[in-house]
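For reference, the structure is listed below as structure tokens.
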There are 2 protein chains.
Amino acid sequence: MTGKPRVTSYQVAQRAGVSRTTVSLVLNEVPGVNIREETRRRVLRAAEELGYVPNAAARSLVSGQTRTLGLVISHAEHLQVDAFIPQLLYGFGLVSRQRGYRVLLETVEDVTKPDAYTELVRGNRIDGLAVLNFRCDDSQLPELIRRGFPVVLIGFHPWPGLEDKIFAVETDGVAAAIRATRHLIALGHRRIAHITFSPENYYATQDRLRGYRQALQAAGIEWDPAWVRYGNFSAASGYQAMRQLLRRKPYPTALFAGNDTIALGAMAAIHRKGLRIPEDIAVVGYDDIPTAPYMVPPLTTVRISPLEQGRIAAEMLSGLIEGNPPQHRRICLPAPLIVRESCGAKRQRAVSAGR
Amino acid sequence: MTGKPRVTSYQVAQRAGVSRTTVSLVLNEVPGVNIREETRRRVLRAAEELGYVPNAAARSLVSGQTRTLGLVISHAEHLQVDAFIPQLLYGFGLVSRQRGYRVLLETVEDVTKPDAYTELVRGNRIDGLAVLNFRCDDSQLPELIRRGFPVVLIGFHPWPGLEDKIFAVETDGVAAAIRATRHLIALGHRRIAHITFSPENYYATQDRLRGYRQALQAAGIEWDPAWVRYGNFSAASGYQAMRQLLRRKPYPTALFAGNDTIALGAMAAIHRKGLRIPEDIAVVGYDDIPTAPYMVPPLTTVRISPLEQGRIAAEMLSGLIEGNPPQHRRICLPAPLIVRESCGAKRQRAVSAGR
DNA sequence: ATGAAAGCGCTAACAC
DNA sequence: GTGTTAGCGCTTTCAT
């Protein structure tokens with residue numbers, strides 16, 4: 001396919017007038033081996049001139065290492081609408097590259113058929129695995145973890161019997177949801193609706209629902225199932241769900257949306273109905289996507305840090321692979337409530353700072 | 001690292017009572033080789049029972065193939081704010097998986113140091129390369145293409161002397177920008193502003209600027225450089241740019257935004273100024289991101305098809321690798337103008353259909 | 001129809 | 001210090 005003849009370590013050795021061993025020793029800077037400075041130079045020069053790049057397959061065949069990290073994204077279809085994943089990807093890629101790893105992206109559609117990433121592991125394509133949005137009923141992952149394969153979860157999910165073997169980055173979704181809901185309660189709201197994701201979806205979104213209910217309960221507000229609606233991650237689903245909520249009176253006076261995209265859709269529905277935000281209905285979102293400050297009105301929301309989560313996941317994983325397990329098995333990032341105007345706590349003024 | 005002993009083709013052969021050759025023959029379904037049905041069965045069973053997965057490194061070492069596609073994203077920081085890339089990723093991943101390829105994601109920060117993906121190629125980590133957002137001054141890629149390495153560009157960029165060697169998916173940005181601008185002109189606007197990206201950025205955005213200018217010129221409207229502002233891909237930059245535009249009178253009566261995210265930011269600035277959309281200022285975007293129908297008001301915009309572009313890129317690339325070059329070297333996707341309400345052509349009514 | 005043997009490009013234990 | 005040699009696990013002629 002390529003016109004150029006392949007450059008192997010043999011060619012380099014020839015040109016430098018040494019053996020392939022020496023080439024390997026020099027290029028890999030093997031510690032504890034002293035090579036004459038002049039030889040060293042010659043090898044480096046030869047490699048440079050020939051544009052030598054070691055064959056990854058050969059190297060990994062003998063070393064057992066691939067210098068590649070697997071990143072599994074189940075529910076890949078969310079890539080289309082969710083703003084969390086790309087930012088995570090960015091952070092993950094950043095650190096991976098810094099540490100000399102490639103990223104193999106595995107987008108999984110159907111997680112119930114979980115052979116997808118197992119093949120990566122068994123086929124020795126990757127040195128470690130970061131998993132996003134895994135399903136509760138995924139059976140392959142626990143086995144992998146139990147066997148000691150380096151795995152980092154993004155977003156934690158409790159696994160009976162495996163708690164002390166799991167490495168994870170996460171945010172405390174329950175606490176954040178409580179904070180968001182309590183904020184609305186403190187503003188005087190009692191009819192607070194919630195739009196979340198289909199029940200069988202992420203564990204993370206169940207957290208938000210749980211936090212929402214706990215906050216209501218703590219405030220002595222009775223929980224009305226009719227005020228909880230299910231959508232997916234899209235603005236369209238938020239729009240639909242909000243329309244349903246607005247179909248019967250009394251309206252809720254506040255909404256805690258499962259994410260910012262849903263919030264955007266819901267806000268469109270509210271505007272359409274001729275109601276004002278936050279005067280008629282206050283809105284709080286979740287994610288703090290980059291466009292949140294520019295919504296109408298600017299969205300009050302919970303800030304999670306996808307970029308940071310990506311960075312940390314890559315750091316933990318590379319550490320794990322290289323035998324430096326992170327100090328803490330579970331890193332829980334803060335998820336502060338960013339108060340803008342959609343909740344009614346602030347009056348209209350300059351756009352709040354972005355991120 | 002893994003507790004389990006590695007399963008090699010040897011183990012399978014042992015268990016099935018055949019040689020490794022036979023195992024390879026059976027598992028790879030090598031054409032032109034007849035193997036007794038019973039032997040075949042035994043091998044398959046043994047492999048199944050042992051959970052055998054061929055070692056990728058070994059296989060690629062001997063075959064020279066990796067079954068891996070490289071996807072290079074330069075300007076990786078755009079992952080954070082741009083909605084185009086994740087959708088593209090989704091489409092690309094979808095088709096890649098279908099065709100039996102893995103995806104190696106290479107996020108490049110600094111494209112002027114373009115060793116990044118060259119290592120992938122020379123190190124034989126990938127069978128082909130898809131490149132998004134490459135820079136005009138990238139010097140490695142032409143060399144790769146010239147050598148016959150399978151490369152597909154996402155978004156075309158003219159390369160003198162290489163036109164007949166390039167494979168690309170693209171949309172006609174100039175035509176789309178003309179359509180968008182002309183639409184505004186037809187609505188009676190003559191003071192039409194444009195917010196685009198920094199000049200040294202993508203070729204694609206230069207297209208939009210060019211189309212904008214051509215449309216103005218064709219309508220006999222003088223081009224005023226003061227009405228063109230530069231931002232990056234973010235809503236924040238759109239907000240800032242619009243504020244600048246609103247700083248001096250007369251205001252533009254219409255805006256053609258370089259992308260939807262910028263449009264969102266600009267719309268926030270317009271609202272903040274107490275002006276109405278579209279009555280005071282009409283807005284047209286570019287991209288048709290999934291949330292466009294839910295903006296306030298719903299955004300008139302140009303629909304490009306990132307998912308489709310991703311699919312096609314993966315199709316072209318796998319075809320190229322397997323010796324089935326696509327019929328057309330350059331596939332140019334339509335980019336229709338989706339008219340919603342922000343341009344003022346439609347009056348307020350139900351939210352337009354999503355995508 | 002099946003098996004023996006060579007070799008892909010590299011690293012690392014062992015000689016010299 | 002540097003070269004020789006033996007694999008890593010697989011595919012693939014070439015014999016049988």
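Hydrogens, waters and symmetry mates play no part in the numbers below; they use all other heavy atoms, side chains included. In what follows, every chain begins at residue 1, and chains take the letters A, B, ... in the order their sequences are listed. Keep in mind the model is a prediction, meaning the values are calculated, not measured.
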Considering only side-chain heavy atoms of B:Ser24, which listed nucleotide, D:dT11, C:dA4, D:dG9, is closest? D:dT11
How many whole angstroms separate atom CD of A:Gln65 from atom P of C:dA12? 10 Å
Side-chain contact check for A:Thr21: nearest option of D:dT11, D:dT12, D:dG3 is D:dG3
Choosing from C:dA1, C:dG3, D:dT4, which nucleotide comes nearest the side chain of B:Asn34? C:dA1
Could you state the interatomic distance from CG (B:Leu71) to CD1 (B:Ile126), rounded to the nearest 0.5 Å? 10.0 Å
What is the distance, to the nearest angstrom, from the CG atom on B:Asn55 to the C1' atom on C:dC8? 13 Å
Can you check the B:Tyr10 OH to C:dG3 P distance for me, whole Å? 12 Å
Given atom CG of A:Leu61 and atom C1' of C:dA12, what is their separation to the nearest angstrom? 14 Å
Whole-Å distance, A:Arg59 CZ to C:dT11 P, equals 5 Å
Among the candidates C:dG9, D:dT11, C:dT2, find the nucleotide nearest to the side-chain atoms of A:Ala58. C:dG9
Of the listed nucleotides D:dC8, C:dA1, C:dG7, the one nearest the side chain of B:Arg36: C:dA1
State, with a plain yes or no, whether a side-chain heavy atom of A:Arg99 is found less than 4.5 Å away from one of A:Ile321. no
Is B:Val30 touching bases, backbone alone, or none of the nucleic acid, heavy atoms closer than 4.0 Å? nothing
To the nearest 0.5 angstrom, please state how far the CG atom of B:Leu162 sits from the CD1 atom of B:Ile145. 5.0 Å
Heavy atoms under 4.0 Å, any strand shown: does B:Ile35 hit a base, just sugar-phosphate, or nothing? sugar-phosphate
What integer distance in Å separates A:Glu29:CD from C:dT11:P? 13 Å
Atom-to-atom span, CG of A:Leu27 to P of C:dT11 - whole angstrom: 8 Å
Out of C:dT2, D:dT11, D:dG9, minimum distance to the side chain of B:Thr39 belongs to C:dT2
Using a cut-off of strictly less than 4.0 Å, decide whether B:Asn28 has a side-chain nitrogen or oxygen near OP1 or OP2 of D:dT11. yes
Rounded to whole Å, how long is the line connecting atom CZ of B:Arg42 with atom C1' of C:dA1? 12 Å
Reckon A:Thr22 has a side-chain N or O less than 4.0 Å from the OP1 or OP2 of D:dG3? yes
Show your working on salt bridge (Lys or Arg N to Asp or Glu O under 4.0 Å) between B:Glu119 and B:Arg125 and close with a plain yes or no. CA-CA 8 Å; B:Glu119 197 276 346; B:Arg125 278 179 188 273; 3.7 Å; yes
From CA spacing to verdict: salt bridge (Lys or Arg N to Asp or Glu O under 4.0 Å), A:Glu37, A:Arg40: CA-CA 5 Å; A:Glu37 189 51 29; A:Arg40 206 187 140 61; 3.7 Å; yes
